[in-house]
There are 2 protein chains.
Amino acid sequence: MPNRAVVPITVEGLKTACSQCNLQELCLPYGMSEGDINQLDALVGARRKVKRHQHLYRAGDTFESIYAVRTGSFKTDVLLEDGREQVTGFQMSGEIIGLDGISTDAHSCNAVALEDSEVCVIPFANLEEISREIGSLQHQFHKVMSREIVRDHGVMMLLGSMRAEERLAAFLINMSQRFTARGFSAAEFHLRMTREEIGSYLGLKLETVSRAFSRFQENELITVQQKHIRIRDIDGLKALLSHLPNV
Amino acid sequence: MPNRAVVPITVEGLKTACSQCNLQELCLPYGMSEGDINQLDALVGARRKVKRHQHLYRAGDTFESIYAVRTGSFKTDVLLEDGREQVTGFQMSGEIIGLDGISTDAHSCNAVALEDSEVCVIPFANLEEISREIGSLQHQFHKVMSREIVRDHGVMMLLGSMRAEERLAAFLINMSQRFTARGFSAAEFHLRMTREEIGSYLGLKLETVSRAFSRFQENELITVQQKHIRIRDIDGLKALLSHLPNV
DNA sequence: CGGCTACTTGATCCACTTCAAAGTACGTGG
DNA sequence: CCACGTACTTTGAAGTGGATCAAGTAGCCG
């Protein structure tokens with residue numbers, strides 16, 4: 001596990017490294033003083049590489065740090081005793097993982113890399129300490145947590161009130177937006193997760209996900225080749241979301 | 001709207017008033033100094049009464065404060081353009097409402113009183129300022145937010161992976177635990193929400209909720225009389241959660 | 001090339017929804 | 001205090017979206 005100390009931190013380096021990070025809004029742009037930069041130095045403890053299919057943490061692990069995804073992507077899931085899995089989210093670069101652990105000082109879900117990935121380890125005690133001194137960091141962190149709560153409400157809406165094709169359309173639109181925000185194509189991207197993982201996230205079986213993809217392709221909304229997706233008619237997809245179930 | 005200033009704050013009074021509050025863990029027990037108490041004075045801005053079926057806030061409202069439920073209970077929900085409603089949670093005394101607003105400085109859901117209720121208004125700017133000075137308050141607040149995220153994951157599990165009777169059993173067990181934590185009977189309680197609201201929360205139609213209640217009654221797990229519930233076999237309910245769907 | 005994992009597609013089934021009709025509690029005004 | 005209206009709940013019967021079961025296919029990697 002390469003320790004942070006190994007990689008000398010420079011302001012330039014940070015700006016590059018963290019340019020897509022969810023925490024950037026408070027770390028960098030707001031004219032941090034030299035002293036602030038030194039504190040930031042204390043904030044990010046280390047980087048950690050996680051290979052595909054490896055756990056970043058498991059349910060039950062002691063909580064010490066939250067993580068910012070630098071490269072790659074993750075899924076978080078909850079397991080029931082009988083083996084049922086619920087994927088609670090997919091995380092891409094710049095997104096924060098691990099907030100579930102603050103509540104009880106132990107993680108309540110699993111975080112697994114979908115591809116070879118790297119995270120910034122942010123010891124939570126450090127974050128709390130520094131955010132007591134830098135108000136903008138404190139506020140930004142609160143926004144990150146709140147955003148997670150709002151996102152979760154959206155997933156509840158999806159799981160509780162939408163039909164299969166609406167759920168998949170919402171998922172594709174969301175992925176497209178997140179790729180766009182990272183400077184990738186809005187129309188063409190590569191999904192890192194399996195049909196089963198998408199299904200688990202959307203509360204559907206993998207066959208249903210597959211059939212919905214096929215239906216979208218028939219209707220010329222998208223082109224599917226395994227995990228490679230090309231969106232041909234984003235408005236058509238969005239239209240699926242604004243219709244009543246039986247109209 | 002009675003302002004806080006109207007009700008003189010005393011340490012005794014606070015201990016009584018906040019004895020069931022989620023924020024109590026940091027406000028009260030940790031031997032706050034006289035100075036801390038004065039700061040607390042600045043934290044809780046006012047109390048606000050909300051009548052049954054009235055909104056505490058609506059989606060789109062500017063975010064300024066979070067709320068601690070003093071008496072009564074609330075639901076929070078998200079509405080789709082076509083009228084579909086997803087209830088995202090039910091809140092009882094001591095629980096915090098409004099965390100969704102931090103993210104964008106505007107609320108993203110509606111909060112509606114299920115009965116005549118009263119909340120403590122906590123201006124969020126105050127909370128951030130004071131929590132920069134009192135570390136235990138800061139940490140407690142982070143725990144409250146994290147707990148909300150963990151709870152949301154549980155609801156996703158419920159909506160995405162459980163069948164109707166499992167969902168209702170999980171709901172009843174959860175309600176029972178929360179009533180117990182408030183000093184009420186674990187076995188007998190009055191639901192403040194309608195079958196339709198329970199159904200919306202659980203991703204089911206009201207008829208399905210009603211049928212599941214009836215089935216539980218047939219199986220002597222509970223007694224139902226409209227909104228009055230008596231749990232006769234809590235272990236039987238719990239057993240419903242640990243079984244495979246087809247076993 | 002062989003073996004594996006992931007994906008697609010068809011046929012059948014069933015849990016939950018939808019539609020419909022009563023029944024019950026409750027508040028209000030006469 | 002009763003009559004009536006309203007909102008909520010229960011229950012039945014029929015319909016359907018997605019699950020399940022079952023092949024078969026495509027891509028990947030050692």
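Fair warning: this is a prediction, and the values are worked out from it, not measured in the lab.
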Worksheet item: Got a sec, which residues hit ring pair (Phe, Tyr, Trp, His ring centres under 6.0 Å) with B:Phe63, two or more places apart in sequence or on another chain?
Response: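 Listed in chain order: B:His107, B:Phe124.
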Please list, chain by chain and in numerical order, all residues satisfying side chain to side chain donor-acceptor pair (under 3.5 Å) with [X], sequence neighbours excluded.
{"X": "A:Arg232", "answer": "none"}
{"X": "B:Arg178", "answer": "B:Glu95, B:Asn174"}
{"X": "B:Ser65", "answer": "none"}

Fill in: Interface residues of residues 195-203 of chain B with DNA chain D (non-hydrogen, below 4.0 angstrom)
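Hits under 4.0 Å, by residue number: B:Arg195.
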Atom pairs, N/O to N/O, protein against nucleotides 11-15 of chain D, distance under 3.5 Å?
unit_1	atom_1	unit_2	atom_2	d
D:dT11	OP2	B:Ser214	OG	2.5
D:dG12	N7	B:Arg211	NH1	2.9
D:dG12	O6	B:Arg211	NH2	3.2
D:dA13	N6	B:Arg211	NH2	3.4

Item to complete: Applying side chain to side chain contact (heavy atoms under 4.5 Å, CB included), name anything that partners A:Glu85, two or more places apart in sequence or on another chain.
Response: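 If we apply the side chain to side chain contact (heavy atoms under 4.5 Å, CB included) test to A:Glu85, skipping adjacent residues, the hits are A:Lys75, A:Asp77, A:Leu79, A:Val87, A:Ser200.
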Worksheet item: Between the two end axes of the helix from C:dC1-D:dG30 to C:dG30-D:dC1, each built from 5 base pairs, what angle do you get to the nearest 10°?
Response: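 That helix has its two terminal axes inclined by roughly 40°.
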Worksheet item: For B:Asp116, which residues count as a salt bridge (charged side-chain N to carboxylate O under 4.0 Å, His left out) partner, sequence neighbours excluded?
Response: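 So B:Asp116 forms a salt bridge (charged side-chain N to carboxylate O under 4.0 Å, His left out) with B:Lys51.
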Item to complete: Could you name each residue pair satisfying ring pair (Phe, Tyr, Trp, His ring centres under 6.0 Å) that touches residues 204-225 of chain A, not counting sequence neighbours?
Response: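 For residues 204-225 of chain A, and leaving out neighbouring residues, there are no ring pair (Phe, Tyr, Trp, His ring centres under 6.0 Å) pairs at all.
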Worksheet item: Please, which pairs that meet ring pair (Phe, Tyr, Trp, His ring centres under 6.0 Å) have at least one residue in residues 68-104 of chain A, sequence neighbours excluded?
Response: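 Those involving residues 68-104 of chain A are A:Phe90-A:Tyr201.
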Could you go over nucleotides 25-30 of chain D and give all protein N or O partners under 3.5 Å, atom names and distances?
none

